[in-house]
A.B. asks: 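Take this structure first; my questions come after.
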Amino acid sequence: MILESARHGATKSRIMHDAYLSSEKTGVYLKFLEEHKLLRCEMGNKLYHTTEKGFEILDESSNLNEFLHKLDPIFSDFDSLGEFSDQLG
């Protein structure tokens, strides 16, 4: 959800809102995504942007989601892998 939110550039506040996260959790996730080069931050305007590597992850996630929907209709109840993993845990 964070990578999707930052697709065209997003502030931390926008990401928090889109991903339904607290400020603390958002900070932890943003740091993790930056460290793994999936997200970058423009320091001047503090906009977060999904990197090319991040877009690859989004594409793979989408492909896996489509595969799961074809595999078993039960997965059609979930809009994203995030919601799927929430249901498992």
A.B. asks: Report the hydrophobic cluster partners of Tyr29, with the cluster defined as I, L, V, M, F, W, Y residues connected by side-chain heavy atoms closer than 4.5 angstrom, directly or transitively.
C.D. replies: Ile2, Leu3, Ile15, Leu21, Leu30, Phe32, Leu33, Leu38, Leu39, Tyr48, Phe55, Ile57, Leu58
A.B. asks: Could you work out, with side-chain hydrogen bond (donor to acceptor under 3.5 Å, both in side chains) as the rule, every residue matching Asn63, not counting sequence neighbours?
C.D. replies: none
A.B. asks: So, taking the atom named CZ in Arg14 and the one named OG1 in Thr26, what distance separates them when rounded to the nearest 0.5 Å?
C.D. replies: 12.5 Å
A.B. asks: What residues join Met1 in its hydrophobic cluster, counting side-chain heavy atom gaps under 4.5 Å, either direct or through other members?
C.D. replies: none
A.B. asks: Check side-chain contact (heavy atoms from CB on, under 4.5 Å) between Ser13 and all other residues, then give those that pass, not counting sequence neighbours.
C.D. replies: Thr11
A.B. asks: To the nearest 0.5 Å, tell me how far Arg40 CZ sits from Glu52 CD.
C.D. replies: 11.0 Å
A.B. asks: Do you know which two heavy atoms are closest between Ser5 and Ala10, and how far apart they sit?
C.D. replies: O-CB, 3.5 Å
A.B. asks: Hydrophobic clusters join Ile, Leu, Val, Met, Phe, Trp and Tyr when side-chain heavy atoms are under 4.5 Å apart, directly or via other members; which others share one with Val28?
C.D. replies: none
A.B. asks: With sequence neighbours excluded, what pairs up with Arg7 under the side-chain hydrogen bond (donor to acceptor under 3.5 Å, both in side chains) test?
C.D. replies: Glu4
A.B. asks: Do any N or O atoms from the side chain of Lys53 and from the backbone of His36 form a donor-acceptor pair under 3.5 angstrom?
C.D. replies: yes
A.B. asks: Got Glu35 and Lys31 here, is their nearest side-chain heavy-atom distance under 4.5 Å?
C.D. replies: yes
A.B. asks: Answer yes or no: are there more than 12 heavy-atom neighbours, outside Glu24 itself, under 6.0 Å from its atom CD?
C.D. replies: no
A.B. asks: Kindly compute the distance separating NE2 (His49) from CD (Glu42), expressed to the nearest 0.5 Å.
C.D. replies: 3.5 Å
